[in-house]
Amino acid sequence: MPNRATIAGEIAKCSLLFPKRSNAELEALIGLWAEALDLLSDNEFVQACMAARKKCKFWPTPAELLEFHGQSKVRYESVYIPLSESPEIMAERAQRNAARARQLREAIVTGKPPDWLGVVQSMESDG
């Protein structure tokens with residue numbers, strides 16, 4: 001549930017963009033939004049208000065804020081992409097890359113390129 005200070009802060013931001021309301025109306029709005037949006041966390045509420053400020057032409061209703069929250073929630077869930085490889089394979093690649101970095105640093109000092117560098121260069125010229 002968003003706390004009163006968070007709600008008041010977001011209402012203050014909205015009051016800069018949307019038609020002016022009296023202080024009494026703003027106080028009433030804080031209570032109404034607190035009651036209607038009690039399932040949202042502070043962060044979810046702030047994100048919904050941010051979307052409302054970008055998309056609404058007039059003061060957003062609690063229903064619109066919940067709708068904006070629902071839209072953002074779906075977007076974030078659809079971004080999840082599972083790893084195509086296991087953590088073990090990823091760790092093995094990280095170790096191999098660290099070893100190659102050490103070999104490249106050594107090649108800079110000695111002037112002799114590592115054996116695998118020729119293979120990589122020939123692969124790049126073929127592609």
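Just so you know, residue 1 is the first one in the sequence shown, and it goes up from there. Quantities reported herein were computed from a predicted structural model and do not represent experimental measurements.
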Could you list the donor-acceptor pairs under 3.5 angstrom formed between side-chain atoms of residues 30-40 and any protein atom two or more places apart in sequence or on another chain?
none

Quiz item: In Å and rounded to the nearest 0.5 Å, what is the CD to CD distance from E10 to Q47?
Solution: 9.0 Å
Quiz item: Between E64 and K55, is there a side-chain N and carboxylate O pair less than 4.0 Å apart?
Solution: no
Quiz item: What's the spacing between E25 CD and S15 OG if we round to 0.5 Å?
Solution: 12.0 Å
Quiz item: Under 6.0 Å from the CG atom of N97, do we count more than 12 heavy atoms belonging to anything else shown?
Solution: yes
Quiz item: Can you list the steps and then say if S86 with I89 is a side chain to side chain contact (heavy atoms under 4.5 Å, CB included)?
Solution: CA-CA 5 Å; S86 69; I89 291 173; 3.4 Å; yes
Practice problem: Report the C-alpha separation of R21 and W59 in whole Å, then their side-chain angles, then the decisive distance to 0.1 Å, and conclude whether the side chain to side chain contact (heavy atoms under 4.5 Å, CB included) test is met. | Solution: CA-CA 10 Å; R21 294 183 173 213; W59 280 89; 3.4 Å; yes
Practice problem: Quick one: closest heavy-atom pair of F68 and C56, and the distance? | Solution: CE1-SG, 3.6 Å
Self-check item: Atom pair CZ (R53) and NZ (K13), whose distance is rounded to the nearest 0.5 Å
Solution: 5.0 Å
Practice problem: Decide, yes or no, whether a salt bridge links R93 with E88 under the criterion of side-chain N to carboxylate O below 4.0 Å. | Solution: no
Quiz item: What are the two closest non-hydrogen atoms of F18 and A52, and how far apart are they?
Solution: CZ-O, 4.0 Å
Exercise. With rounding to the nearest 0.5 Å, note down the distance linking CG in L26 to CD1 in I11.
Key: 6.5 Å
Quiz item: Out of curiosity, E67 CD to T61 OG1, how far, rounded to the nearest 0.5 Å?
Solution: 8.5 Å
Exercise. Indicate yes or no for a side-chain donor-acceptor contact from D42 to the backbone of T6 under 3.5 Å, with no hydrogens or angles considered.
Key: no
Quiz item: Are L29 and V46 in one and the same hydrophobic cluster, where Ile, Leu, Val, Met, Phe, Trp and Tyr link if side-chain heavy atoms are under 4.5 Å apart?
Solution: no
Exercise. For residues 104-114, pull every pair meeting side chain to side chain donor-acceptor pair (under 3.5 Å), keeping only residues two or more places apart or in separate chains.
Key: none
Self-check item: Closest heavy-atom pair and its distance - I7, F45
Solution: CA-CE2, 3.6 Å
